[in-house]
Each structure stands twice: as C-alpha cells, then as structure tokens.
Amino acid sequence: MPRDTLTADRIVRAAIELLDEEGLDGLNMRSLAKRLGSAATAVYWHIKSKEDLVRLAGDEVWSEVELPDLDATDWRTAATAHASGMHAMLTRHPWLVQAFGSHFLYGPGQFGHSDVSLGIYEKAGFAAADADRAAAAVFTFVLGSALGPAAQVSLHRRLSRNGADAGHLMAEAMTRATETAGRFPRLRARLGTTAATEYAAAPDDAFLFGLRALLDGFEARLTADRAGRRD
C-alpha cells in the first residue's frame, strides 16, 4: 500500500486491533505496517513513534464509552452508567490498563470523559475540589477492577509466546494457589463453595457491589454535609 493511501486514523484503528490481539509487547511498527500492507517508513510518515501510537490508540477507544446526558438523568444513574462503561471498555482492551502505568496517555477523548465525570459529581452536590476527588476515586476503582482480567490476558499471552501450554501452566498454578490458600481459615472455608464459584463466574457482580458501596459513601457524605450546613 503506497504511503499516500494511509491515514493516521487508519493506522490507529489497525494499531487497536493489533494491541487487542498481541498486547503492548506485540505492538511494533513493522508488524503494524505488515497488517496495513505498507512499509514501516510509511507509517512513520504519519505517526512519529510507538509512544505516540499508543497514546492515540488509547484515546480513540474512549469513543466506545457512552457519555451520560447530565440534563436527562440523576447524578447516581449517570455515575453508574459512566463507570460501568469505562470498566467494560477497559476489559475489552486490557492493554490500556497496562498502558496507564507505562505511557503518557491524554487526548480529547479521555479528557472529554474526565470533564463529564467532574460534571457528574458537581451535579451530586460536591464543591469543585471534592468533585475532583470523587471522580478520581471512581476512576481508580474502575481501573483497579479491570486490572485482574487484564493481568490474566497478559499472563496467558506471555506464556503462549514462550511456546508453553498456557492453559496447563495456569491450571497447575491455580492448583498450587488453592493448596496454599487452604492454610488460611477464612480462605479455606470459601474454597469450593457456591459463593466462590459464583464470584469466579460473574466478576462484574463484584464490580457493581464495590461501585454501589463507593457511591453510597458519596451520598452519605453529601447528606451529612447538607445536615451540617443546616445546623
């Protein structure tokens, strides 16, 4: 593909596909150019570095998260929908979780969501500084909740790249982990229980439980602040 048929948008879309399949470690300009049917030099003509490419790809996937309409819904419904949308997006693109710890990520897509997030907690009744803290607390929780699935994908991919039977190795590791957990009374009591099975089968339930608890805390604080102002 000649250089002049490429566009930055097309390169970024191809990079997202490659990142979804191979992770951050699998992204390089040569592999990306091959996917595009082009030369690496043509890719560099549009995007100067891998760092820039990760930043642009990371910003593009924010378009998958629907922005809540703050004029049409209450703050808590908006907060739940927005946090759930971010969590789903990060789960679809586990490389982005890793990228937050290794790359400078910014852009209009991400910042648009940051702005709406601040609006959610200002609508709830927080002053600007506390709205900042509330938005940061929710995003940190969302990012942390997506870390487990992202780590599992990364581990499986790394083991497979080394020519190992990733499924067998992970099953062996889980067996050893279960044996170790059995030495501790509370963990031992939960091993093999229905609750443990349901948790493993539906981790999103744990995410929603934590999110509700976080928003309950915000609501309690706002209620206490309002009562204090009346006294």
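All values below were derived from every heavy atom in this structure, side-chain atoms included, with hydrogens, water molecules and symmetry-related copies excluded. Count residues from 1 along the sequence.
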- What salt bridge (charged side-chain N to carboxylate O under 4.0 Å, His left out) pairs are there with at least one residue in residues 75-88, not counting sequence neighbours? R76-D216, R76-E219
- Is a side-chain donor or acceptor of T77 paired with a backbone partner of T73 at a separation under 3.5 angstrom? no
- Query: Restricting to pairs with a member in residues 144-153, which pass salt bridge (charged side-chain N to carboxylate O under 4.0 Å, His left out), not counting sequence neighbours?
  - Reply: none
- Task: For K50 and M29, indicate whether the former's side chain and the latter's backbone hold a donor-acceptor pair under 3.5 Å.
- Result: no
- Side-chain contact test, heavy atoms from C-beta onward, threshold under 4.5 Å: evaluate it for R212 versus L215 and give yes or no. no
- Note on the structure: So CD1 of I11 and CG of L53: to nearest 0.5 Å the spacing works out to 8.0 Å
- Message: Applying salt bridge (Lys or Arg N to Asp or Glu O under 4.0 Å), can you list everything that pairs with R133, at least two apart in sequence or on another chain?
- Response: D130
- Examine L118 and V142 and state if one hydrophobic cluster contains both, with Ile, Leu, Val, Met, Phe, Trp and Tyr joined whenever side-chain heavy atoms are less than 4.5 Å apart. no
- Apart from L187 itself, which Ile, Leu, Val, Met, Phe, Trp or Tyr residues share its cluster (side-chain heavy atoms under 4.5 Å, direct or through members)? F184
- Any salt bridge (charged side-chain N to carboxylate O under 4.0 Å, His left out) involving residues 60-74? Give me the pairs, sequence neighbours left out, ordered by first then second residue. E64-R92
- Query: Side chains of L105 and L96: does their closest heavy-atom pair fall under 4.5 Å?
  - Reply: yes
Indicate every side-chain donor-acceptor pair of residues 108-115 with a distance under 3.5 Å to a residue at least two apart or in another chain.
| from | atom 1 | to | atom 2 | distance (Å) |
| --- | --- | --- | --- | --- |
| H113 | ND1 | H82 | NE2 | 2.9 |
| H113 | NE2 | W62 | O | 3.0 |
| H113 | NE2 | V65 | O | 3.3 |
| S114 | OG | Q110 | O | 3.2 |

- Task: Kindly write out the residues that satisfy side-chain hydrogen bond (donor to acceptor under 3.5 Å, both in side chains) with S31, not counting sequence neighbours, or none if the list is empty.
- Result: N28
- Message: Given the ring of Y106, does R55 sit roughly above its face, with NZ or CZ under 6.0 Å from the centre of the six-membered ring and within 45° of the axis?
- Response: yes
- Report whether V54 and Y44 are members of the same hydrophobic cluster (ILVMFWY, side-chain heavy atoms less than 4.5 Å apart, transitive linking). yes
- Got a donor-acceptor contact below 3.5 angstrom from the R190 side chain to the R186 backbone? yes
- Query: For F100, which residues count as a ring pair (Phe, Tyr, Trp, His ring centres under 6.0 Å) partner, sequence neighbours excluded?
  - Reply: F139
- Task: Indicate yes or no for a side-chain donor-acceptor contact from H46 to the backbone of L6 under 3.5 Å, with no hydrogens or angles considered.
- Result: yes
- Charged N to carboxylate O under 4.0 angstrom, R35 versus E21? yes
- Enumerate the residue pairs fulfilling ring pair (Phe, Tyr, Trp, His ring centres under 6.0 Å) with a member in residues 5-38, sequence neighbours excluded, ordered by first and then second residue. none
- Can you spot which of D20, D25, L27, L18 makes a side-chain contact (heavy atoms from CB on, under 4.5 Å) with W95? D20
- Closest non-hydrogen atoms of L214 and A137, given as atom of the first, atom of the second and distance, are CD2-O, 4.0 Å
- Item | Contacts of type ring pair (Phe, Tyr, Trp, His ring centres under 6.0 Å), residue F126, not counting sequence neighbours | F218
- Tell me the salt bridge (charged side-chain N to carboxylate O under 4.0 Å, His left out) pairs involving residues 144-154, sequence neighbours left out? none
- Task: Would you please name every residue forming a salt bridge (Lys or Arg N to Asp or Glu O under 4.0 Å) with E172, sequence neighbours left out?
- Result: none
